[in-house]
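Quick notes on the structure that follows.
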Number of protein chains: 2
Amino acid sequence: MLSKSAEYALRATIYIALKGSVDNKLGIDEIATAIDSPQYFTAKIMQLLTKNNRVVSSVRGPNGGFYLTDAARKLPVRAVLEAVGEDGIITKCVLGLKECSESRPCPMHEQYRSIKVQLKQMFEKTTIQSLAEETGKGKLVINNRLVKKK
Amino acid sequence: MLSKSAEYALRATIYIALKGSVDNKLGIDEIATAIDSPQYFTAKIMQLLTKNNRVVSSVRGPNGGFYLTDAARKLPVRAVLEAVGEDGIITKCVLGLKECSESRPCPMHEQYRSIKVQLKQMFEKTTIQSLAEETGKGKLVINNRLVKKK
DNA sequence: ATAAATAAAGACAAGTATATCCTTTTATCT
DNA sequence: AGATAAAAGGATATACTTGTCTTTATTTAT
Ligand code: FES
Ligand code: FES
């Protein structure tokens with residue numbers, strides 16, 4: 001469905017939204033540990049997310065790290081996918097034809113049409129902030145470790 | 001969304017269902033040309049589809065080629081995905097967690113739940129035959145060439 | 001039986017994604 | 001100013017996917 005890059009990018013962004021802030025920036029080691037991802041690879045992906053401050057903000061040096069601005073929190077999840085070059089999932093044809101359109105539909109287009117719309121809406125109407133909020137309040141998980149019992 | 005292998009497998013299978021039969025077996029060169037796919041690579045994929053006659057049937061030698069049995073025509077599209085080892089799309093978590101379940105939901109699970117069900121149904125309720133029929137009667141396309149004008 | 005056609009199988013090449021490590025830059029603190 | 005902490009950037013390694021080519025096995029037709 002999504003590439004590893006996209007998966008890590010989404011998990012990392014959600015974690016940063018949940019635990020970080022301007023005065024509590026998160027280090028790459030903490031992030032990678034929290035979301036069960038390979039640290040150095042995740043660092044590379046963060047570079048894509050921070051390019052031009054598009055999604056994630058960062059500062060170097062002591063007490064540096066990653067955080068999200070208020071504006072970034074309002075971005076749709078799709079922004080994360082775009083940052084890692086993975087938004088094909090909401091644009092491409094299931095059968096891999098160059099174009100997906102009503103005027104040139106593939107055999108699965110009819111069946112897929114509505115699903116594609118819903119995928120699109122899921123990634124465009126859901127904001128980073130709303131995902132983080134859900135995660136904060138619930139029993140939602142963002143890594144592969146066992147859920148802690150109370 | 002899907003791998004190239006899966007895309008070619010689906011396009012090839014649909015084409016064979018549409019144009020082939022026991023007494024009109026299709027050669028790999030014809031198939032690859034028809035669906036705009038690299039011939040040798042497609043041949044490899046056909047080997048996966050014909051393993052144990054799971055989806056596609058084949059015979060070698062003069063007048064040999066690929067075709068579908070009546071039983072195969074009734075298979076769900078999912079069978080093609082399984083043959084190429086690509087059915088993760090209907091089983092895995094969007095965020096790449098090891099498990100996708102109600103008891104251990106990721107932050108996107110709630111939003112994705114219904115889409116996942118629909119994807120599953122699309123691949124399980126649609127048969128190879130029904131796709132071929134749609135393709136046969138309509139203006140549906142299965143390659144990247146321009147649609148012929150009448 | 002021999003020849004020819006065709007898929008199957010195997011070996012390899014190229015490209016892309018994933019992962020790790022090392023060096024450089026920048027910011028902070030003393 | 002100097003030391004230190006942290007991300008950014010670059011170089012490299014590994015694995016997987018995609019694509020090509022050659023050889024082998026099998027079937028059919030002559
Ligand atoms: S043309 Fe294939 S999904 Fe739209
Ligand atoms: S747990 Fe992530 S989609 Fe179900």
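Heavy-atom basis, side chains included; hydrogens, waters and symmetry copies ignored. Given the structure is predicted, the values throughout are model-derived calculations rather than measurements. Residue numbers start from 1 in every chain, and the chains themselves are labelled A, B, ... in the order their sequence lines are given, proteins ahead of strands.
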Give me the distances for all protein-to-nucleotides 16-18 of chain C N/O pairs that come in under 3.5 Å?
unit_1: C/dT18; atom_1: OP1; unit_2: A/Lys4; atom_2: N; d: 2.9
unit_1: C/dT18; atom_1: OP2; unit_2: A/Ser5; atom_2: OG; d: 3.0

Enumerate all atom pairs, one protein N or O and one N or O from nucleotides 5-7 of chain C, separated by less than 3.5 Å.
unit_1: C/dT6; atom_1: O4'; unit_2: B/Gly61; atom_2: O; d: 3.2
unit_1: C/dT6; atom_1: O2; unit_2: B/Gly61; atom_2: N; d: 3.2
unit_1: C/dA7; atom_1: OP1; unit_2: B/Ile28; atom_2: N; d: 3.1
unit_1: C/dA7; atom_1: O3'; unit_2: B/Ser58; atom_2: OG; d: 3.4
unit_1: C/dA7; atom_1: N3; unit_2: B/Arg60; atom_2: NH1; d: 3.4

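By the side-chain hydrogen bond (donor to acceptor under 3.5 Å, both in side chains) test, A/Glu133 pairs with A/Gln129, sequence neighbours left out. Looking at residues two or more places apart in sequence or on another chain, you find a salt bridge (charged side-chain N to carboxylate O under 4.0 Å, His left out) between A/Glu110 and A/Arg113. Residues that satisfy the side-chain hydrogen bond (donor to acceptor under 3.5 Å, both in side chains) test with A/Gln111, not counting sequence neighbours, are B/Thr126. Listed by chain and number, the residues in a salt bridge (charged side-chain N to carboxylate O under 4.0 Å, His left out) with B/Glu82 are B/Arg78 (sequence neighbours excluded). Listed by chain and residue number, nothing satisfies the side-chain hydrogen bond (donor to acceptor under 3.5 Å, both in side chains) test with A/Gln47 (two or more places apart in sequence, or in another chain). A/Glu134 pairs by the salt bridge (charged side-chain N to carboxylate O under 4.0 Å, His left out) definition with A/Lys137, not counting sequence neighbours. Applying the salt bridge (charged side-chain N to carboxylate O under 4.0 Å, His left out) test to B/Asp29 and every residue at least two apart in sequence or in another chain returns nothing.
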Less than 3.5 Å apart, which donor and acceptor atoms pair up between the side chains of residues 61-72 of chain B and the rest of the protein, not counting sequence neighbours?
unit_1: B/Thr69; atom_1: OG1; unit_2: B/Ala72; atom_2: N; d: 3.0

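With a cutoff of under 4.0 Å to any heavy atom of chain A, the contacted region of DNA chain D is bounded 5' to 3' by D/dT4 to D/dA11.
To the nearest angstrom, P of C/dT23 lies 14 Å from NZ of A/Lys44. Distance, B/Leu49 CG to C/dA9 C1': 16 Å, rounded to whole Å. Separating the CD atom of B/Gln47 from the C1' atom of C/dA11 is a distance of 13 Å, rounded to the nearest angstrom.
Applying the side chain to side chain donor-acceptor pair (under 3.5 Å) test to pairs two or more places apart or on separate chains, those with a residue in residues 11-20 of chain B are B/Tyr15-B/Glu30.
Note that the CZ atom of A/Arg145 and the CG atom of A/Asp36 stand 4.5 Å from one another [nearest 0.5 Å].
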